Engineer: 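Take this structure first; my questions come after.
Fair warning: this is a prediction, and the values are worked out from it, not measured in the lab. Residue numbering restarts at 1 for every chain, and letters A, B, ... go by the order of the sequence lines.
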Amino acid sequence: MKDLNPRQQEAVRYIDGPLLVLAGAGSGKTSVITRKIAHLVQKCGIPANRIVAVTFTNKASREMKERVGHLISGAEARGLTVSTFHNLGLNILRKEHKSVGLKNGFSIFDDQDSRSLLTELSHKETAVAGEDVDYLRNKISQWKNDLVTPSQAQSHAAGEEEMRAAHVYSAYDRCLRAYNAVDFDDLISLPTLLFRDNEEVRERWQHKIHYLLVDEYQDTNTSQYLLVRLLVGRRARFTVVGDDDQSIYAWRGARPENLVQLAEDYPALKVVKLEQNYRSTQRILKAANAVIDNNPHVFTKQLWSEHGFGEQIRIIRCLNEESEADRVAMEIMHQKMQKGRDFKDFAVLYRGNFQSRTLEIKLQAYQIPYKVSGGTSFFSRSEIKDVMAYLRLVINPDDDNAFLRIINTPRREIGPSTLEKLAGYAQQRGVGLFAACDEMGLEQTLTGRPLQNLQRFSRWLAETTERIQRTDAIPAIQQMLRDIDYQAWLLEQAPSAKAAEKRMENVNQLVESMERMLGKQEEEDIAAVIGKLILIDLLEQRDEEDASDKVQLMTLHASKGLEWPYVFIMGLEEELLPHRNAIEEDTIEEERRLMYVGITRAQRELTLSLTAKRKQYGEEFEPAPSRFLDELPTDDVVWEGKGGEQRSVEQKKALGRAYMANIRSLLE
DNA sequence: TCCTTTCGTATTTTT
DNA sequence: TACGAAAGGA
């Protein structure tokens, strides 16, 4: 406790009622949560298996587990739940699946699966061809987050577009249930609805959980908010930690006003503010405070720091996006050489992923090692999706989505017309596609080669399923991969032999991960392992192991929760930051919070850059400087470059020297 | 069935 | 500019 400040101690000690911790950026909120867990176990005598801590990301939950592990012994921590909202929802559904009409082994549709199902449905259900799938996906997600049922959506739909979406929503949900599947949103909304409507189940869970902690509370959506309320019940023993100024996911359904709502729903709510920042210089905090002051506030916060005042914030004007990237790359190289800074102490943040491209080219030119976060995740790789689809079908024979993905992967000479006939028959019989292959009646619809191919496949899959479930799962899965000769398929599909090898490696890694998870006692069941796998991104873990000396590149969104000594933010221009759509839709406040998040990532130095000209969609235009630059305190910023300035001779020489020095150091 | 052409569109994305 | 989807042709 000694190393906590008085406010933090108060937040840890207060356990008599509901508590809201308003934790400013860098104020040690994770410490408070982890200490509190230790305090609850060691000082308050609450058994660890009665404590639940909820986060939004796998990464945050891993970090929390690790830090709790340093504070209390393994024995004390036994049964402690630290998980993401979605994982918690999955665990609830797995135990209560019967009450929500799901069968054991239900599948989880990820975003891609949902989209492909919606694409199909929008063609079938609506007269308008090519209904905007993005729109549908968002709309349906919104409805689910707000706990709006398909029929409610239909009766409240405003306008024709929404009516159509409501129609697709209804068909989409019916499909999911027929496939014995849920989507990501269902992992939260189904348990919430279950608790809301089923007293027995609700009370059982309320009884189980003695204390609940929620991280990043400003990111909760309506359904998550209600889930928390239903889990804590009337005893209301919980701590939520959040910062309304760091709410940057409203566009995904997050409701930062849940922070305010909490005070209304729990009149006894105690509020503790953490305003001391342990991360940044005073100057950086002053700038951050100044920017965020332009937003209206329900809770006011003033971050302060005991660190020195620090360097001025630099704003660099560049000619165009290429010179901007070049300048940032050179700056990093220069500082590395001149001041002996490590590459890993730098981060470059930007609004949109596309901005990384120009920068990457320059970083490569200077041979600066870097790591781009974001991009395609492990589970969106086609080879992983394929193998997962096989496994999903093994666990859940009703998963038609998985069936369709793999029926011709690798090729089995089963084309669209055959599948259409099969689907028609399956629908008429009210069974899944896989089950339909086996029925005698199918011979009325299909004959000859197509029928034989289907039956051969279904027989093989039935045997494989049997092997995986009855015998040792891992060897059976490996056998399955050999049966379909997946390696050969990859060689045929991948652009090069090397790429194919890489993909096979990914597949092997997937199998290894399953083996490891099966080894842990908690998840003996292969079905449980496969379900859980979808929620975890294996790449993330791989990244963390690779803690080498690299400059970090990522979007402002992805930077939340992280920190670096030296931070660059690129593209401080109107229409980019704030983004054009945000200006149009008048969500400037969220953009400002994004800027605030970016500024508060920096520990020591902050450099902002903008361009005079930017090429976008092949056309050049002249962006205006971001309004957020005007909101910075003038005394604390220093402007460099006049907007149209070419690189000076001096800079070019310095650059050449730095480049040579780097080559030399690489050769050593 | 597969490959090419053409057209339209273009944030952020914890799970 | 650059990518994916849809349409058209071999």
Engineer: How long is the line joining CD1 of Ile188(A) and C1' of dT15(B), in whole Å?
Structural biologist: 8 Å

Engineer: To the nearest angstrom, how far is Arg115(A) atom CZ from dG4(C) atom P?
Structural biologist: 14 Å

Engineer: Ignoring hydrogens and angles, answer whether the base of dT13(B) and the side-chain atoms of Arg137(A) contain a donor-acceptor pair closer than 3.5 Å.
Structural biologist: no

Engineer: Could you state the atom-to-atom distance from CZ of Phe56(A) to C1' of dT15(B) in whole Å?
Structural biologist: 10 Å

Engineer: Under 5.5 Å centre to centre and under 30° between planes: does that hold for His579(A) and the six-membered base ring of dT11(B)?
Structural biologist: yes

Engineer: In terms of relative ring orientation, are Phe184(A) and His86(A) parallel, tilted or perpendicular, with 30° and 60° separating the classes?
Structural biologist: perpendicular

Engineer: Please work out which of the three classes, parallel, tilted or perpendicular, describes the rings of Trp251(A) and His557(A), given edges at 30° and 60°.
Structural biologist: perpendicular

Engineer: Would Tyr249(A) count as stacked on dT12(B) if the rule is ring centres under 5.5 Å and plane angle under 30°?
Structural biologist: no

Engineer: Under 4.0 Å between a side-chain N or O of Thr55(A) and OP1 or OP2 of dT14(B)?
Structural biologist: no

Engineer: Remember a base hit wins even if backbone is also touched, and classify Asp219(A) as base, sugar-phosphate or nothing at under 4.0 Å, heavy atoms.
Structural biologist: base

Engineer: May I have the distance from Leu118(A) (atom CG) to dA5(C) (atom C1'), rounded to whole angstrom?
Structural biologist: 16 Å

Engineer: Which whole-number value in Å describes the distance from Leu594(A) CG to dT14(B) C1'?
Structural biologist: 14 Å

Engineer: Which nucleotide in the list dT15(B), dT11(B), dT13(B) gets nearest to the side chain of Tyr617(A)?
Structural biologist: dT11(B)

Engineer: Relative to each other, are the rings of Phe195(A) and Trp205(A) parallel, tilted or perpendicular (30° and 60° limits)?
Structural biologist: tilted

Engineer: Whole angstroms only, please: what is the CD-P distance between Glu216(A) and dT13(B)?
Structural biologist: 16 Å

Engineer: Counting side-chain heavy atoms from C-beta on, which of dA2(C), dT11(B), dT13(B) comes nearest to Thr555(A)?
Structural biologist: dT13(B)

Engineer: Specify the separation, in whole Å, of atom CG of Leu187(A) and atom P of dT14(B).
Structural biologist: 16 Å

Engineer: OP1 or OP2 of dA2(C) versus the side-chain N and O atoms of Arg357(A): is any pair under 4.0 Å?
Structural biologist: yes

Engineer: Measuring to OP1 and OP2 of dT13(B), would you say a side-chain N or O of Asn353(A) lies under 4.0 angstrom away?
Structural biologist: yes

Engineer: Look at all strands and tell whether Glu591(A) reaches a base, only sugar-phosphate, or nothing, counting heavy atoms closer than 4.0 Å.
Structural biologist: base

Engineer: Check Asp113(A) with Arg405(A), please: is the shortest side-chain N to carboxylate O separation under 4.0 Å?
Structural biologist: no

Engineer: With a 4.0 Å cut-off, would you call Asp245(A) and Arg593(A) a salt bridge?
Structural biologist: no

Engineer: In this structure, how many angstroms lie between the P atom of dT1(C) and the CZ atom of Phe354(A), rounded?
Structural biologist: 16 Å

